[in-house]
Engineer: 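Sharing a structure, written as structure tokens. Questions coming.
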Amino acid sequence: MQDTHPLLRNLNPPQREAVQHVKGPLLILAGAGSGKTTVITRRVAWLIEEEGVHPSSILAMTFTNKAAGEMRERVQKLVSVPTEQLWVSTFHSFCTRILRREGDRTPVGRDFVIFDPSDQKALIKQVLAELKLPEKQFHPKKVLEIIGDWKNRCLLPEEAREEALDAWTRKALDAYSLYQTGLKNHRACDFDDLLLHTERLFRDSTVQAIYTERFKYLLVDEYQDTNRAQYLLVQHLAKHHHNLCVVGDEDQSIYGWRGADIRNILDFQHDFPEAVQIKLEQNYRSTQKILDAASTVIANNSQRLGKTLWTQLGEGEKMVFKLTDEGRLEAEWVVDRIREERARFPDAKMAVLYRANWQSRQLEEALRAMNMPYKLVGGVKFYERQEVKDLLAYLRLLSNPFDQVSFRRAISSPSRGVGPTTMARIAAAIPEGGTPLEGAWALLKSGELKGRAQREVGKFLDLFRRGTGEISTTGLAGLVRWMLVESGYVQMLEDEATLEAEGRLRNLEEFVNAAADSESLGLRLPEFLDRVTLASDTDQLEESAQLSLMTIHCAKGLEFPVVFMVGMEEDVFPNRNARETDDGLEEERRLFYVAITRAQHKLYLSAARRRRMMGQEMLGMPSRFLRELPADALETPIRWGTELYQSGQGAFSAPRPSQGGGHSVASELQRIRGMFDRTRTAAEVVPESAPGSVISLEPSNGSWPKGTRIRSPRFGRGVILGSTGSGDGLTYTVRFEGGEKRILARFGMLELAGD
DNA sequence: AAACTTTGGTATCTT
DNA sequence: ACCAAAGTTT
């Protein structure tokens, strides 16, 4: 073996074949944990080192920005030349780059902003109002969904018109048309536009030629999750040389709802009849029991090319399933098992997976009660937090003054006395082809604004006048800090003096840090804004976290020695909305397959008979997927045997107290639980009775004891109910006339009430 | 005319 | 349990 080429070392035969394949189309069907990343990085290295391909001739598409960064790093370690010119990115980042270069030919030019979903929503609402379409019938979300469908299929409004049939869809199409006009006026692209516009661009043979000549070798990872637009982009780029390597696993296709088309991978050999197909079936991640479970489950799907995973890692431990009575108990059970596993394997990284983000809450509560640190991935994303979005609105407006959505957002926080009416007048005052700032300026000059609005709008315009100067003189982080202070945003939060405001200030500090990081990479404001908007959840995942909580979607591509899959109930998983169609159900099953195959050594599954969902106690049935697990992969057989579960065919919810008379099981349980909750609250009010309990009294070093009467400049008179933390973190709970508030001592400017 | 408060409706997954 | 619209107050 000593004469093996270093790039082929430790590879099995199909892996070697894949690495050494150079010319022509190649389909790599990579099962979960089959060493896919190793193979594609080595293959890129092989092209560079052995075939003498210049890194700038290679284009690799990954699913996340993080994956892109890792891939570049890993390739760099394998080759002797610098890899800066290697193009590795997500489809969206790639398209952004292209549009920034070639964008003069698109409706939005080169200096567009990227609209995230909340911007999209703001815009579509304006459009619906303009078209007088009631939001009751035309849910902004639904309309955006169908627009997204069209875009993902590369259909512009005129093209979609040919297939629009029913009245609702026709109206939605009108909205699409106006929405695109709106984006154009704002010089903005939504996520889908990035792909759509780039695909249009590549239809032009001269533009296409530039890039097909440049990128002689293409690699697309996660090919099973590409949509029509991405598919067409790939076709354009590979049209002449056919040096296209796609990697994927049809069993892990889980983005159908976002337009991904599993047929792209199923039909690859139809698109490229000369394609070579390689299957990677040896799994290096999981033990046999886990693979057995995964294989048995996925065998129930029909849309497959078919693979048989095998491993040399041995039998391994059986999976454990636990059925608990209630969601809280399920969370507590998970926490107990985590502690056990931690005792067994102190360094093992673990993950708790769930179908939807709302399921994380109960887990978080249980973990916090036990003081166990964890990392929550996804959920409310950092860059989508209100304060961060507000700050971004200022920065985006600075970078692109046409962006009216950002204008609205920036001018209303902190509030400047500009409400809907004044806003409409500003919008009306925008000169043809002008910016909202010019509109505000025109209105101000006309003298129609009075009092506070006049003063504040003047200051606001001045802020941006000065801001344009700051861009050239101050660094990125300095600019961000300048904007925070000069806009009055920091002042507003400090005045609030609540715990929540303190958290927001901390997030903004974090944002300034991110800006400083980007600055050190040489990024300027526009690039920084792109980066921030295109950042994904998993990009921020710290590998170091010992315990991570995330959705299955977020966990794709990751592995953990110990995995917990919670909420194995009908209507939760498979999700209620997916159970209607076969396709939906198959995708849910693939999702389960992805969840199972994240586990290296041990997999725990759990369900709860009862769970609070949307504020109501719901009774659930165990997930149908549990029935698909092979009995001998489980430690103990799954017991179905309670009356509740035998009684119904599908899941059912307890009747609401208002609709069904009498006492349903759920309402009864809710009452009992409510009593329990009250008892606990009572104990908290009298902490003396429970010395050394979980609810501990902080030592009152320099803090006011409870019962102290104080006065706050903001909220008036109040009584201290208690305090937590110390030093800068010292926080009082105060009951004011208007209700209870948590107030930071540092900012609250509390003083003893005189009398 | 804006800002604050309450109520009512609605919830997958995400680049 | 959360967010957004209607209702209410200044």
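So you know, we letter chains A, B, ... as the sequences are listed, proteins then strands, and number each from 1. Computed from heavy atoms alone, side chains included, the values below leave out hydrogens, waters and symmetry copies.
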Engineer: Check side chain to side chain donor-acceptor pair (under 3.5 Å) between Arg425(A) and all other residues, then give those that pass, not counting sequence neighbours.
Structural biologist: Glu448(A)
Engineer: Taking only residues two or more places apart in sequence, or in another chain, which ones meet Ala60(A) in a side chain to side chain contact (heavy atoms under 4.5 Å, CB included)?
Structural biologist: Met71(A), Val88(A), Leu219(A)
Engineer: With a non-hydrogen cut-off below 4.0 angstrom, is Tyr255(A) in contact with a base, only sugar-phosphate, or nothing?
Structural biologist: sugar-phosphate
Engineer: Rounding to a whole Å, what distance do you find between Glu135(A):CD and dT10(B):P?
Structural biologist: 12 Å
Engineer: Using the six-membered ring of Phe407(A), assess whether NZ or CZ of Arg396(A) lies under 6.0 Å from its centre and within 45 degrees of the ring axis.
Structural biologist: no
Engineer: Could you tell me which residues satisfy side chain to side chain donor-acceptor pair (under 3.5 Å) with Ser253(A), sequence neighbours excluded, listed by chain and number?
Structural biologist: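 So Ser253(A) forms no side chain to side chain donor-acceptor pair (under 3.5 Å) with any residue.
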Engineer: Kindly write out the residues that satisfy side chain to side chain contact (heavy atoms under 4.5 Å, CB included) with Ala356(A), not counting sequence neighbours, or none if the list is empty.
Structural biologist: Trp358(A), Gln359(A)
Engineer: Under a 4.0 Å heavy-atom cut-off, which of residues 187-197 of chain A touch DNA chain B?
Structural biologist: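 Contacting residues: Phe191(A).
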Engineer: Can you tell me if the side-chain N/O atoms of Lys556(A) get under 4.0 Å from OP1 or OP2 in dC13(B)?
Structural biologist: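 Looking at the OP1 and OP2 atoms of dC13(B), neither is under 4.0 Å from any side-chain N or O of Lys556(A).
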Engineer: Quick check on DNA chain B: between Arg416(A) and Glu588(A), whose nearest nucleotide comes earlier from the 5' end?
Structural biologist: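 Of the two residues, Arg416(A) wins.
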Engineer: Whole angstroms only, please: what is the CE-P distance between Met423(A) and dA2(B)?
Structural biologist: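 One finds 9 Å between P of dA2(B) and CE of Met423(A), rounded.
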Engineer: Could you check whether Arg361(A) gets within reach of a base, just the sugar-phosphate, or nothing at all, counting any heavy atom under 4.0 Å?
Structural biologist: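 If one applies the 4.0 Å heavy-atom cut-off, Arg361(A) turns out to touch the sugar-phosphate alone, with no base involved.
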Engineer: Would you please name every residue forming a salt bridge (Lys or Arg N to Asp or Glu O under 4.0 Å) with Asp149(A), sequence neighbours left out?
Structural biologist: none
